Participant: 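I have a structure here, written as structure tokens, and I will follow up with some questions on it.
Quick caveat, the model's predicted, so the values are computed rather than measured. Each chain gets a letter, A, B and so on, in the order the sequences are listed, and its residues count up from 1.
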Number of protein chains: 2
Amino acid sequence: MSKSSNENSARERVLDVAEQLFASRGYAAVTLKDIAKQLGIKQASLYYHVPGGKEDLFVEVMLRHLERRRQGLEQIIAAGSLELEDCLTRVGVWLLSQPPLNASRIVSTDLPEIAPEKARQIERAMRHCFFTPMERFFARYQDRLRGDAGFIAGRFLSSVEALSLVKRYSPKTDEQLLAETIDLLLHGALKS
Amino acid sequence: MSKSSNENSARERVLDVAEQLFASRGYAAVTLKDIAKQLGIKQASLYYHVPGGKEDLFVEVMLRHLERRRQGLEQIIAAGSLELEDCLTRVGVWLLSQPPLNASRIVSTDLPEIAPEKARQIERAMRHCFFTPMERFFARYQDRLRGDAGFIAGRFLSSVEALSLVKRYSPKTDEQLLAETIDLLLHGALKS
DNA sequence: GTCTATACACTGATAGAC
DNA sequence: GTCTATCAGTGTATAGAC
């Protein structure tokens, strides 16, 4: 690698903190002072690590996050068992272990706040790293599915994302909620 | 009524514009200047209609919106046919005709921006006006359902909400997307 | 009902010392 | 790498004229 891991670590820590804050409160509500405070430094010091300022910081955070998703998803999908339900469970468990993406809020609320070209870049990455891998995964089971693999992939991803909201009101564990979510997606709400 | 409809209309227009902006861009990103501009007045003039300022404006907008949801939902549920799928379709069509709620973003991103008591008030109203009516509706069909009515109600509402994002990428009509959503929810993704 | 003027706080960003 | 100092811009909110 071109840089030692130590040279990277400080910058990575900035990105980690920014990621957590942007993810939970959104682009507009998070200030550079918030990020700096959590790092134990002053706001102006952030510009040493991220000369491009707030907007570029957000773009970097998002692209790094999405690339990590893509790698994680494709690894699980490639190595996963051939059983659909097992593989979905593994994907779901891993997704829940990651910082929440909140894709809907990002697209409709965060992206309009930044420069259009940067917004498009992030939107492209979301499709490429998040949606497309799952769509390809479901496409492998197309013959066993009723309906479009892309539509089902979208339903799966948004259902798993919605769990971070459901968790606030439900006493059930993540594993239980995930199992119910997958069961509902695959077999439906009606008794057969 | 204690006020003529004309006395109300100006204020209602303020709430309408604020509702549309808050719904699409979120609490933090919308400024009073944005709202005033769309009304064709100056920012300071808003304080004649809403003396409480931005935060109270947001609370009023949300409570009015949620109360409207509650009335609409309960009317459809009460007058609806006894057939589950038909009734869900009617509810879905009506929900799609309303300004999008974006419940997930409101809870996780907007509410932390305002005073905690006001946030709790809105959260309570969301449960009472949005979630509970649908939960009661599904509970009527409990004997035909696999799994908890509350869980299924949440899945249904979040699925319909997610359509405003799906619509960006799909060429299908609202009616098609809604029909697929309901079909998937009730019968699942797997062929039987 | 709407305006102008203004106070006040906050935010992103730059320059330069250490 | 982090700091202090500082600036321009913007946001909410108030006071008072019309």
Participant: Nearest to the side chain of B:Ala10, heavy atoms from C-beta on, is which of C:dG1, D:dT2, C:dG12?
Facilitator: C:dG1

Participant: Any salt bridge linking B:Lys191 with A:Asp143? Criterion: basic side-chain nitrogen under 4.0 Å from a carboxylate oxygen.
Facilitator: no

Participant: Please enumerate all residues that pass salt bridge (Lys or Arg N to Asp or Glu O under 4.0 Å) together with A:Arg146, with sequence neighbours excluded.
Facilitator: B:Asp183

Participant: Please enumerate all protein N or O atoms sitting under 3.5 Å from an N or O of nucleotides 4-8 of chain C, with distances to 0.1 Å.
Facilitator:
none

Participant: Please collect all side chain to side chain donor-acceptor pair (under 3.5 Å) contacts where either partner lies in residues 127-141 of chain A, sequence neighbours excluded, each pair once.
Facilitator: A:Glu74-A:Arg136

Participant: Looking at side-chain heavy atoms only, is the closest gap between B:Met134 and B:Leu88 below 4.5 Å?
Facilitator: yes

Participant: Starting from C1' on C:dG1, measure out to CD1 on B:Ile41 and report it in whole angstrom.
Facilitator: 9 Å

Participant: Only counting residues at least two apart or in another chain, list the ones meeting salt bridge (Lys or Arg N to Asp or Glu O under 4.0 Å) with B:Lys37.
Facilitator: none

Participant: In whole Å, I'd like the distance from the CD atom of A:Glu113 to the P atom of D:dT10.
Facilitator: 14 Å

Participant: Partners of A:Glu67 by salt bridge (Lys or Arg N to Asp or Glu O under 4.0 Å), sequence neighbours excluded?
Facilitator: A:Arg70

Participant: Find the distance B:Tyr48:OH to D:dT14:C1' and express it as a whole number of Å.
Facilitator: 17 Å

Participant: Using atom CG of A:Leu46 as one end and atom C1' of D:dT2 as the other, report the distance to the nearest whole Å.
Facilitator: 11 Å

Participant: When the distance from CG of B:Asp56 to P of D:dT14 is rounded to whole Å, what number comes out?
Facilitator: 11 Å

Participant: Among residues 23-40 of chain A, which residues get a heavy atom nearer than 4.0 Å to DNA chain C?
Facilitator: A:Val30, A:Thr31, A:Leu32

Participant: Counting only heavy atoms not in B:Gln75, do more than 12 sit closer than 6.0 Å to its CD atom?
Facilitator: no

Participant: Do B:Tyr48 and B:Val17 belong to the same hydrophobic cluster, where Ile, Leu, Val, Met, Phe, Trp and Tyr are linked whenever their side-chain heavy atoms lie under 4.5 Å apart, directly or via other members?
Facilitator: no

Participant: In this structure, are over 12 heavy atoms from other groups packed under 6.0 Å from B:Arg13 atom CZ?
Facilitator: no

Participant: Of the options C:dG12, D:dC3, D:dT12, whose atoms approach the side-chain atoms of A:Tyr47 most closely?
Facilitator: C:dG12

Participant: Using whole Å, what does the distance between atom C1' of nucleotide D:dT2 and atom CZ of A:Arg11 come to?
Facilitator: 17 Å

